[in-house]
Amino acid sequence: WDPKGYGVEIAVAFDGQNHVVNGLYITSTVAKKGLFPAISAATIENLGVENAYVKGTGDWQDGILAGSTQGASGKSTINNCYTGISTYMENTGKGAAILGGGSPGANVSNCYSLSTLNVKAGGGAIVGDSWGSSSMTNCYSYGYNYARPMDSAWYDNPTNCYKFNAAPGKDAFAQAT
């Protein structure tokens, strides 16, 4: 998959109708990568990603499902999506399984991740680097997560979200309330 990433915003209403994207492979130095690299005023719902590998470098917002929300009108919604057990993400910057990060107004709900995440600064299990009037509701993560407990420090208003971490030396359970 060739992520267009930085500077290319996609405004889309995408209903995956509970289909699964299988075998996504991204290794790139392009910023803001994912199945949907950079979204703005978008809705992505009812979609799974399995058997995926995403690797990035730098201080960028990368996600397995979506890289980043963009712009002042970036109030994007991701609902009822997941990343499966055979998905892996490695990033030296900001990143997460569902949404790497983005501008104000990102709403993530009813999502889960079973992925292995090896994300450094500003990473999270479900959402990475996001801020300002964003919300995360009814989400959970179970897997080997070498990331922050649930989401980055800038994320607002997590409700009913949980993470169980099987990674050695990491907190086993965290709840964002």
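- The shortest distance between side-chain heavy atoms of M136 and I126 falls below 4.5 Å.
- The closest side-chain heavy-atom distance from T83 to I98 is below 4.5 Å.
- Looking at heavy atoms from C-beta onward, C139 lies out of side-chain contact with N110 at the 4.5 angstrom threshold.
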Test log, rule side-chain contact (heavy atoms from CB on, under 4.5 Å), inputs I78 and C111: CA-CA 8 Å; I78 299 175; C111 294; 4.0 Å; yes
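- Distance alone, capped at 3.5 Å, places no donor-acceptor pair between the D62 side chain and the G95 backbone.
- Residues T69 and L99 meet the side-chain proximity criterion, which asks for heavy atoms closer than 4.5 Å.
- Here the NZ-OG distance, from K75 to S40, works out to 10.5 Å after rounding to the nearest 0.5 Å.
- Atom CG of D15 sits about 9.0 Å away from atom CG of L47, to the nearest 0.5 Å.
- To the nearest 0.5 Å, the span separating CD1 on I26 from CD1 on I64 amounts to 9.0 Å.
- Under the ring pair (Phe, Tyr, Trp, His ring centres under 6.0 Å) criterion, Y112 pairs with Y82, Y140, sequence neighbours left out.
- Closest of all the heavy-atom pairs between K33 and K55 is CE-O, 3.6 Å.
- Without hydrogens or angle criteria, S135 side chain to N107 main chain gives no donor-acceptor distance under 3.5 Å.
- M89 approaches A96 most closely through the heavy-atom pair SD-O, 3.4 Å.
- Residues meeting the side chain to side chain contact (heavy atoms under 4.5 Å, CB included) test with T43, sequence neighbours left out: E45, T77.
- Under the 6.0 Å cut-off for aromatic ring centres, F36 and F14 qualify, their centroids lying closer than that.
- Counting only distance, with no hydrogens or angles, the side chain of S86 and the backbone of N51 share no donor-acceptor pair below 3.5 Å.
- Residues V49 and T87 share a closest heavy-atom pair of O-CG2, 3.4 Å.
- Defined by atom type and a distance below 3.5 Å, a donor-acceptor pair is missing between the side-chain atoms of S109 and T137.
- Proximity of a side-chain donor or acceptor of S115 to a complementary backbone N or O of L117 within less than 3.5 Å is not detected.
- Distance alone, capped at 3.5 Å, is enough to place a donor-acceptor pair between the S68 side chain and the G101 backbone.
- Atom OG1 of T27 and atom CD of E90 lie 9.0 Å apart (nearest 0.5 Å).
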Derivation and outcome, side-chain contact (heavy atoms from CB on, under 4.5 Å), residues N46 and Q17: CA-CA 5 Å; N46 305 316; Q17 298 178 347; 5.8 Å; no
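- Residues I39 and I44 have side chains in contact (heavy-atom distance under 4.5 Å, counting atoms from C-beta outward).
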